[in-house]
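So the structure is just underneath, and the comments pick up after that.
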Amino acid sequence: MIGSVIEQKRILATSVPGPRSAELAARKAAAVSAGVGTGLPAYIVRGEGGILVDVDGNQLIDFGSGIAVTTVGNGNPKVVAAVQEQIAKFTHTCFMVTPYEQYVEVAEKLAELTPGDGEKRSALFNSGAEAVENAIKVARHHTGRQAVVAFDHAYHGRTNLTMGLTSKNMPYKHRFGPFAGEIYRVPMAYPYRWPTGPDACADEAFDEFVSLVHAQVGEENCAAVIIEPIQGEGGFIVPAPGFLAKVADYCTDNGILLIADEVQTGFARTGDWFASHHEGVVPDLITTAKGIAGGMPLAAVTGRADVMDSIHVSGLGGTYGGNPVACAAALASMEWMEETDACGRAREVEAIFRPRLETLADKYGVIGDIRGRGAMLAVELVSDLDAKTPDAALTGAVNRYCHGQGLVTLTCGTFGNVFRFLPPLSAPDELLHEGLDILEDAFAEHAG
Ligand SMILES: *Cc1c(COP(=O)(O)O)cnc(C)c1O
């Protein structure tokens, strides 16, 4: 490993962001499109475990993992070593020109770790959106049908097809249309906001889904239903228990392919390898990216062999997809997750966070819902517990307070009122508690 071990504690050397970050922000404004935003503009020079070090010498606590990417921890030594070893050998051949073993090995690992015992095949890509695009291509080609059904609060990416699948207008879609055709939207089984309450949610949402597909699409026109088994950007919404299994059975009965978009939920994040595992669901196709390769750009579509093999030769691919350095990082990440029982660690993270979030809920009366699984947890902030009025202003204020105190936090949700937690799994307990202390101060300051 390069250099010394960074102590796993917060250090505030200057304000956050500090003066050198402010200088870089000025350069950014003059060189980078204003359309590319930065949540906490502290410019990072190093990362290790649960700590990010910025240009001003501040050590920030990481509760975001670069949006669920560095699940194995920042600068994971095993991943760094694998990348260094591979990069010294060769950086690229293009798998479609002259192949290499690492790509095949990643596909073998994906077949082993994803839900279902049947034969599976994978194809590798560079980003989550690219994986989703390809899953839709595969589903349409295999079924000979065109329609795709997506859910309220869904997030599937920012390319043209995936923007169309994404539900939220600002900031993802606003004035970027027209969007691709043959995309239909149905309600999500969102227990906290289901009009008749959480108990009826799974059944009623499923009935509505069935009736909308029948009335507006026609089952026989429907190629795929795409769903995040826990919605990410839409607000860490865990579907009502049983909803996903009902949708899966319905898809099977109607010759529709179920695509689980596990780009954010995958790879030990939720306390199992994939969030579909918690629901006992075996999707026909799974899309993965984010947590797959410890920060290197890699994505995959994994699915039923008969479906994935129905595509003509050279129908799938791309210049960089399954880059050997990214594959080496993925293999090292998955090995680290197996060796350290990362799924177990994610459940421990939940055991640390939940009681402290419940204490906050009891104390301040602004948390309407605590939800998520493993190290993918969130609180939904409301200004009125009975009316469930979303409080985006409070969410923003808490977020800014955390940033100023050197805690990297993220918000999400269709109404901008969800505060989410995605810490790296290599962050020690004390660091998680230190971050939660800051969160408590933020609530005392803004919700007290
Ligand atoms: C982030 C995300 C995507 C898009 O991934 P990119 O790598 O940003 O293209 C797609 N689906 C889900 C569920 C995501 O969280």
Side-chain angles (χ1 to χ4, degrees), residues 14-47 52-56 58 60 62-70 74 92 125-134 153-180 183 232-235 261 263-264 287 289-299 318-321 323 325-326 392-393 395-397 399-400 402-404 408-416 418-420 422:
T14 66
S15 59
V16 180
R20 295 195 57 204
S21 278
E23 281 169 33
L24 284 162
R27 279 172 57 194
K28 175 208 177 250
V32 179
S33 163
V36 183
T38 51
L40 166 49
Y43 281 72
I44 301 304
V45 292
R46 253 194 98 172
L52 296 169
V53 184
D54 76 9
V55 279
D56 291 289
N58 298 300
L60 315 177
D62 184 7
F63 271 11
S65 301
I67 319 185
V69 170
T70 51
N74 295 288
H92 174 83
F125 304 97
N126 302 293
S127 70
E130 205 188 343
V132 170
E133 292 249 356
N134 278 279
H153 312 290
Y155 182 85
H156 298 293
R158 295 168 177 265
T159 57
N160 186 267
L161 175 59
T162 60
M163 262 194 299
L165 294 167
T166 290
S167 157
K168 190 177 179 179
N169 178 47
M170 278 299 276
Y172 309 122
K173 302 168 75 167
H174 187 61
R175 297 177 64 163
F176 293 140
F179 307 110
I183 293 168
E233 304 306 299
D261 183 353
V263 167
Q264 193 154 161
T287 53
K290 294 196 168 98
I292 191 174
M296 296 299 286
L298 188 71
T319 306
Y320 291 113
N323 170 274
V325 182
T395 310
N399 200 37
R400 280 188 298 278
C402 292
H403 289 179
V408 183
T409 46
L410 303 168
T411 61
C412 63
T414 300
F415 315 113
V418 180
F419 209 81
R420 58 172 154 171
L422 292 162

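This is a predicted model, so every value here is computed, not measured.
Proximity of Pro41 to Pro17: side-chain heavy atoms (C-beta onward) are separated by under 4.5 Å at one or more points. Under the 4.5 Å side-chain criterion, counting only non-hydrogen atoms from C-beta, Val418 is not in contact with Thr411. With contacts defined as side-chain heavy-atom distances shorter than 4.5 Å, the pair Thr409/Phe419 qualifies. Arg46 places none of its side-chain heavy atoms less than 4.5 Å from the side chain of Leu52. In this structure the side chain of Leu422 reaches within 4.5 angstrom of the side chain of Gln264, judged on heavy atoms. Side chains of Leu298 and Asn323 form no contact here, defined as non-hydrogen atoms less than 4.5 Å apart. Within the 4.5 Å cutoff, the side chain of Asn399 has no heavy atoms near those of the Leu40 side chain. Looking only at side-chain heavy atoms (C-beta outward), Lys28 and Thr38 come within less than 4.5 Å of each other.
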Checklist entry - Given Ser167 and His153, is the side chain to side chain donor-acceptor pair (under 3.5 Å) satisfied, shown in steps? => result CA-CA 5 Å; Ser167 157; His153 312 290; 5.4 Å; no

Next on the checklist: For Thr287 and His156: C-alpha separation, side-chain torsions, deciding distance, then whether side chain to side chain contact (heavy atoms under 4.5 Å, CB included) applies.
Outcome noted: CA-CA 10 Å; Thr287 53; His156 298 293; over 6 Å; no

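We find the CG-CD1 distance between Leu165 and Ile183 to be 4.0 Å, quoted to the nearest 0.5 Å. Separation of atoms OG1 (Thr159) and CZ (Phe176) is listed at 12.5 Å; rounding is to 0.5 Å. In this structure, Met163 CE and Tyr172 OH are separated by 13.0 Å, a value rounded to the nearest 0.5 Å.
Side chain of Arg20 to main chain of Val55: a donor-acceptor pair is present (N/O by atom type, distance under 3.5 Å, no hydrogens or angles). Proximity of a side-chain donor or acceptor of Thr162 to a complementary backbone N or O of Ala129 within less than 3.5 Å is not detected. The backbone N or O of Ile67 lies less than 3.5 Å from no partner atom in the side chain of Ser65, so there is not a single donor-acceptor pair. A distance-only check finds a donor-acceptor pair linking the side chain of Ser127 to the backbone of Glu130 [under 3.5 Å].
The heavy-atom pair separating Ala42 from Leu60 by the smallest distance is CB-CD1, 3.9 Å. Gly235 and Cys412 make their closest contact through CA-SG, 3.7 Å (heavy atoms, listed as atom of the first residue, atom of the second, distance). Shortest non-hydrogen contact noted between Ser21 and Tyr43 is OG-N, 2.8 Å. Among all heavy-atom pairs drawn from Gly294 and Thr70, the shortest one is O-CG2, 4.0 Å. Across every non-hydrogen atom of His403 and Val16, the tightest pair is O-CG1, 3.4 Å. Scanning both residues, His92 and Thr319, for their nearest heavy atoms gives CE1-O, 3.2 Å.
Heavy-atom contacts from other residues, nucleotides or ligands closer than 6.0 Å to OH of Tyr320 number 12 or fewer.
Taking the charged nitrogens against the carboxylate oxygens, Glu233 and Arg420 do have a contact shorter than 4.0 Å, which makes a salt bridge.
When Asp56, Asn58, Asp54 are each tested for a side chain to side chain donor-acceptor pair (under 3.5 Å) with Thr14, only one passes: Asn58.
Both tests do not hold together for Lys168 against Tyr155: distance to the six-membered ring centre under 6.0 Å, angle to the ring axis within 45°.
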